[in-house]
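The next block holds one structure in the form of structure tokens; read it before the comments.
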Amino acid sequence: MGLFAKIKEGLKKTKEAIAYKLNKLFTGGVLTDEFYDELEEILITSDIGAETVDTLMDRLKKAIDKEHVRDTNRVRELLKEILVDLLEENELPEYSYPLVIMLSGVNGVGKTTAVGKLAKKFKKQGKTVTIAAADTFRAAASDQLTVWAERAGVRIIKHSEGADPAAVVFDAAQSLKSKSKGGDVLLIDTAGRLHNKKNLMEELKKIARVVSRELPDAMVLNYIVLDATTGQNAIAQVDVFNEAIDIDGIILTKLDGTAKGGVVLAIAGELSVPVVYVGIGEGIDDLEDFDAKAFVNGIMDE
């Protein structure tokens with residue numbers, strides 16, 4: 001299955017929640033107040049978020065006035081262009097190596113799985129990848145990650161359960177320094193507990209300090225992993241983790257299992273943080289680079 005076909009298939013549930021309502025609205029519609037009200041309601045109920053919908057509607061009305069549009073088919077095209085523009089406003093990071101990516105997020109979002117899929121992705125690009133199993137809190141977390149590391153064919157650095165996560169990262173950094181030939185990647189899996197938020201945030205800060213000290217020449221990025229099925233709750237999770245570390249990008253998992261894919265637009269509109277990767281399946285290769293045009297086409301095309 002080609003890349004666009006995979007994305008289109010992965011967005012099937014979101015498309016059912018958005019596209020069919022839009023198609024009905026755009027078929028023979030007249031640009032009345034009722035048209036705009038119905039369009040706004042469709043967007044809001046698609047988990048795009050009221051704040052972002054206000055922005056989109058404002059941009060759309062200005063574009064319609066500027067072109068003196070009367071044809072609803074042209075309105076559809078304008079809306080697609082505006083959605084793509086919104087998603088592309090947040091610049092995606094251009095990687096340099098050595099590269100360190102720390103993945104954070106609450107329990108259950110698919111963080112460990114995302115680490116494994118990301119490892120495979122870099123390995124296929126010819127990079128030497130090391131995984132740091134810094135979630136030493138959750139029982140069997142490192143065992144689960146070891147399975148993913150073996151499937152991806154990459155090295156893993158781990159300590160015993162309850163060990164200091166920063167110590168794991170220190171060892172992984174030493175490994176990267178000793179083996180790096182300018183093309184290495186270090187992926188750090190972190191704990192996701194939030195019931196003891198203060199400790200978790202201090203832990204993330206400590207890991208970040210170790211990375212900064214031990215790998216001063218590396219590009220360091222903080223990605224948060226979000227579960228697309230949680231919809232608007234995903235935005236609140238970013239706010240929590242932003243208290244401790246600056247989030248550079250988002251990995252959105254389980255996009256294929258939800259009708260709430262519109263949250264991608266809310267993330268872009270409200271958080272000004274780019275969605276870098278999307279998970280659209282269970283396989284180790286089912287983590288795709290986020291493509292704004294493919295996403296918009298996937299949820300709006302007939």
Side-chain angles (χ1 to χ4, degrees), residues 1-19 46-48 80 83-95 97 99 101-105 108-127 129 131 145 148-149 151-154 185 187 189 221-231 234 238 247-268 271 273-301:
M1 188 183 292
L3 174 59
F4 180 73
K6 284 177 73 174
I7 291 174
K8 195 171 182 180
E9 180 64 25
L11 289 168
K12 195 172 180 180
K13 291 186 178 180
T14 296
K15 178 178 177 175
E16 288 170 358
I18 300 177
S46 301
D47 268 82
I48 295 174
K80 286 174 68 173
L83 294 179
V84 171
D85 286 345
L86 177 74
L87 292 170
E88 291 183 342
E89 282 175 357
N90 303 311
E91 197 170 340
L92 291 169
E94 186 173 339
Y95 294 146
Y97 301 90
L99 172 67
I101 299 178
M102 180 165 74
L103 285 82
S104 58
V109 294
K111 186 158 30 60
T112 300
T113 302
V115 173
K117 290 181 177 182
L118 203 51
K120 181 64 181 297
K121 197 172 187 69
F122 281 117
K123 181 73 181 297
K124 284 176 71 175
Q125 294 170 8
K127 307 301 180 187
V129 182
I131 294 175
L145 196 57
W148 279 103
R151 289 179 65 188
V154 303
V185 179
L187 302 174
D189 185 26
L221 295 168
N222 296 316
Y223 286 172
I224 186 168
V225 182
L226 301 175
D227 179 342
T229 65
T230 62
V238 177
I247 300 298
D248 299 300
I250 289 166
I251 298 177
L252 196 64
T253 64
K254 308 177 189 178
L255 196 59
D256 56 315
T258 183
K260 297 180 178 182
V263 73
V264 172
L265 293 154
I267 287 166
L271 299 176
V273 178
V275 175
V276 185
Y277 301 108
V278 289
I280 50 172
E282 297 297 323
I284 195 167
D285 294 313
D286 292 328
L287 187 72
E288 300 293 349
D289 295 357
F290 182 71
D291 182 310
K293 290 185 178 68
F295 176 83
V296 172
N297 288 334
I299 64 173
M300 283 194 64
D301 280 356

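Predicted model, so just to flag it, every value in this text is computed and none were measured.
In plain terms, the two heavy atoms of Leu103 and Val115 that are nearest each other are CD2-CG2, 3.9 Å. The heavy-atom pair separating Ser104 from Ile247 by the smallest distance is OG-CD1, 4.2 Å. Of all heavy-atom pairs spanning Ala152 and Ala119, the tightest one is CB-CB, 4.1 Å. The shortest heavy-atom contact between Ile131 and Ala149 is CD1-CB, 4.1 Å. The heavy-atom pair separating Leu87 from Ala292 by the smallest distance is CB-CB, 3.7 Å.
Here the CG atom belonging to Asp291 is positioned 8.0 Å from the CD atom belonging to Glu88, to the nearest 0.5 angstrom. In this structure, the separation between CG on Asp189 and CE on Met102 is 11.0 Å, given to the nearest 0.5 Å. Atom CZ of Phe295 is separated from atom CG of Leu265 by 5.0 Å, given to the nearest 0.5 angstrom. From Glu288, atom CD reaches atom NZ of Lys117 across 9.5 Å, with rounding to the nearest 0.5 Å. To the nearest 0.5 Å, atom CG of residue Asp248 and atom CG of residue Asn90 are 12.0 Å apart. How far CG of Leu92 is from CG of Asp289: 8.5 Å, rounded to the nearest 0.5 Å.
At a threshold of 4.5 Å between non-hydrogen side-chain atoms, the residues Ile284 and Trp148 count as touching. When side chains are defined from C-beta on, Thr253 does not count as touching Lys111, because their heavy atoms never get closer than 4.5 Å. For the pair Tyr95/Val185, no side-chain contact is recorded, criterion being any heavy-atom separation below 4.5 Å from C-beta on.
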> So Phe122 and Ile101, side-chain contact (heavy atoms from CB on, under 4.5 Å) or not? Walk me through it.
Replying inline: CA-CA 12 Å; Phe122 281 117; Ile101 299 178; 4.0 Å; yes

>> Between Leu252 and Phe290, does the side-chain contact (heavy atoms from CB on, under 4.5 Å) criterion hold? Intermediate values first, please.
In response: CA-CA 9 Å; Leu252 196 64; Phe290 182 71; over 6 Å; no

>> Under the criterion side-chain contact (heavy atoms from CB on, under 4.5 Å), I'd like the reasoning laid out for Leu287 against Ile251: C-alpha separation, chi angles, the key distance, then a yes or no.
In response: CA-CA 9 Å; Leu287 187 72; Ile251 298 177; 3.9 Å; yes

>> Test side-chain contact (heavy atoms from CB on, under 4.5 Å) on Lys254 and Thr230; report intermediate values, then the result.
In response: CA-CA 10 Å; Lys254 308 177 189 178; Thr230 62; over 6 Å; no

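For Asn222, there are no side-chain hydrogen bond (donor to acceptor under 3.5 Å, both in side chains) partners, not counting sequence neighbours. Under the side-chain contact (heavy atoms from CB on, under 4.5 Å) criterion, Lys124 pairs with Lys120, Asp285, not counting sequence neighbours. With sequence neighbours excluded, no residue forms a ring pair (Phe, Tyr, Trp, His ring centres under 6.0 Å) with Tyr277.
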